[in-house]
Amino acid sequence: MGETAVDQIIQISEEAEEFQKDAKLGKELSVKHPLQNTWSLWFFKNDKSKTWAANLRKITNFDSVEDFWGIYNHLQVASKLGIGCDYSLFKEGIQPMWEDTKNRCGGRWLVNLSKSQRQTELDRLWLETLLCLIGEAFGEDSDHVCGAVVQLRGKGDKLAVWTNEADNAESVVKIGKSFKERLTLPPKFPLIYEKHMDTANKTGSQTKHKYSI
Ligand code: MGP
């Protein structure tokens, strides 16, 4: 039987409906999901001919989930960076250095990794740390979080979350416990909190620990 005018109208209206659905989906897909904060990603490359601060470069800012993944997927994973390199993720306006006013009285929850953990753990732990930051995983204490740093070192890599008030024991400990839980580190794996002022003024290889969990 040949196609009637009614069949044609039904087909056209079905196509129009599909088109509208596609257009709606396209619009939904193009809407970016905003983050609570704008974040700056920094890179540090150890060039001995320059000062420490001159080796630090801001790569980019982002403020949406989609832009975060776009940047993350584009970058070299942490474990493939050269020895002496760092990535830092800090809230926009806070520089990843002890001297920044937001960091001056703060400190860091530090995860010291063994050499073998570069291959087995580092990338997972750094991604989880990034997701904790951009997802504001520390609840009301997220305001005390300044940023995080991953450092590739020959003696063992380091991962840290930087907070703004080292003397705010309650908030610092809550952040440390949530961080350790999110990283799914075994209970006996030590996380230590160091005040930046102690790290900056240390004389030997060890910095005294203000808190540990
Ligand atoms: P580092 O890169 O944090 O650790 O600090 P690394 O390389 O493991 O060395 P270690 O001393 O912890 O064993 C190395 C050096 O970089 C410090 O001794 C400082 O000279 C310099 N540096 C690091 N940070 C984070 C800062 C900073 O925030 N400000 C300034 N001015 N120098 C810093």
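No hydrogens, no waters, no symmetry mates; every other heavy atom, side chains included, goes into these values. Remember, it's 1-based here, ligands and their atoms both numbered in the order they're listed.
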Got the closest protein heavy atom to atom 7 (O) of ligand 1, with its distance?
Arg153 NE, 2.8 Å
In this structure, atom 17 (C) of ligand 1 is nearest to the protein heavy atom Trp98 CH2, 4.0 Å
Under 4.5 Å between any side-chain heavy atoms of Val149 and Trp162, yes or no?
yes
Any non-hydrogen protein atom below 4.0 Å of atom 20 (O) of ligand 1?
no
Return yes when at least one protein heavy atom is under 4.0 Å from atom 15 (C) of ligand 1, and no when none is.
no
For a ring-ring contact (aromatic ring centres under 6.0 Å, His included) check, start with the C-alpha distance between Phe44 and Trp52, then their side-chain angles and the critical distance, and finish with the verdict.
CA-CA 9 Å; Phe44 178 91; Trp52 180 86; 5.6 Å; yes
Is atom 5 (O) of ligand 1 close to the protein, meaning a heavy atom under 4.0 Å from it?
no
Asp157 and side-chain contact (heavy atoms from CB on, under 4.5 Å): which single residue from Gln151, Glu121, Arg118 fits?
Arg118
I need the Phe179 CZ to Leu159 CG distance, nearest 0.5 Å.
4.5 Å
Can you list the atoms of ligand 1 that are under 4.0 Å from a heavy atom of Lys202?
10 (P), 11 (O), 12 (O), 13 (O)
Nearest protein heavy atom with distance in Å, relative to atom 12 (O) of ligand 1
Lys158 NZ, 3.2 Å
Any N/O of Arg108 closer than 3.5 Å to an N/O of ligand 1?
no
Do His144 and Glu165 make a side-chain contact, defined as non-hydrogen atoms from C-beta onward lying under 4.5 Å apart?
yes
Of all protein heavy atoms, the one nearest atom 29 (N) of ligand 1 is Glu99 OE1, 3.0 Å
Does an N or O from Trp162, backbone or side chain, lie closer than 3.5 Å to an N or O of ligand 1?
no
Are any of the N/O atoms in Gln151 less than 3.5 Å from those in ligand 1?
yes
When distances are taken from atom 9 (O) of ligand 1, the protein heavy atom at minimum range is Lys155 NZ, 3.5 Å
Main-chain N/O of Phe138 paired to Lys174 side chain as donor or acceptor, under 3.5 Å:
no
Donor-acceptor pair, distance only, cut-off 3.5 Å: does the side chain of Asn103 make one with the backbone of Met97?
yes
Is the shortest side-chain N to carboxylate O distance from Lys32 to Asp67 below 4.0 Å?
yes
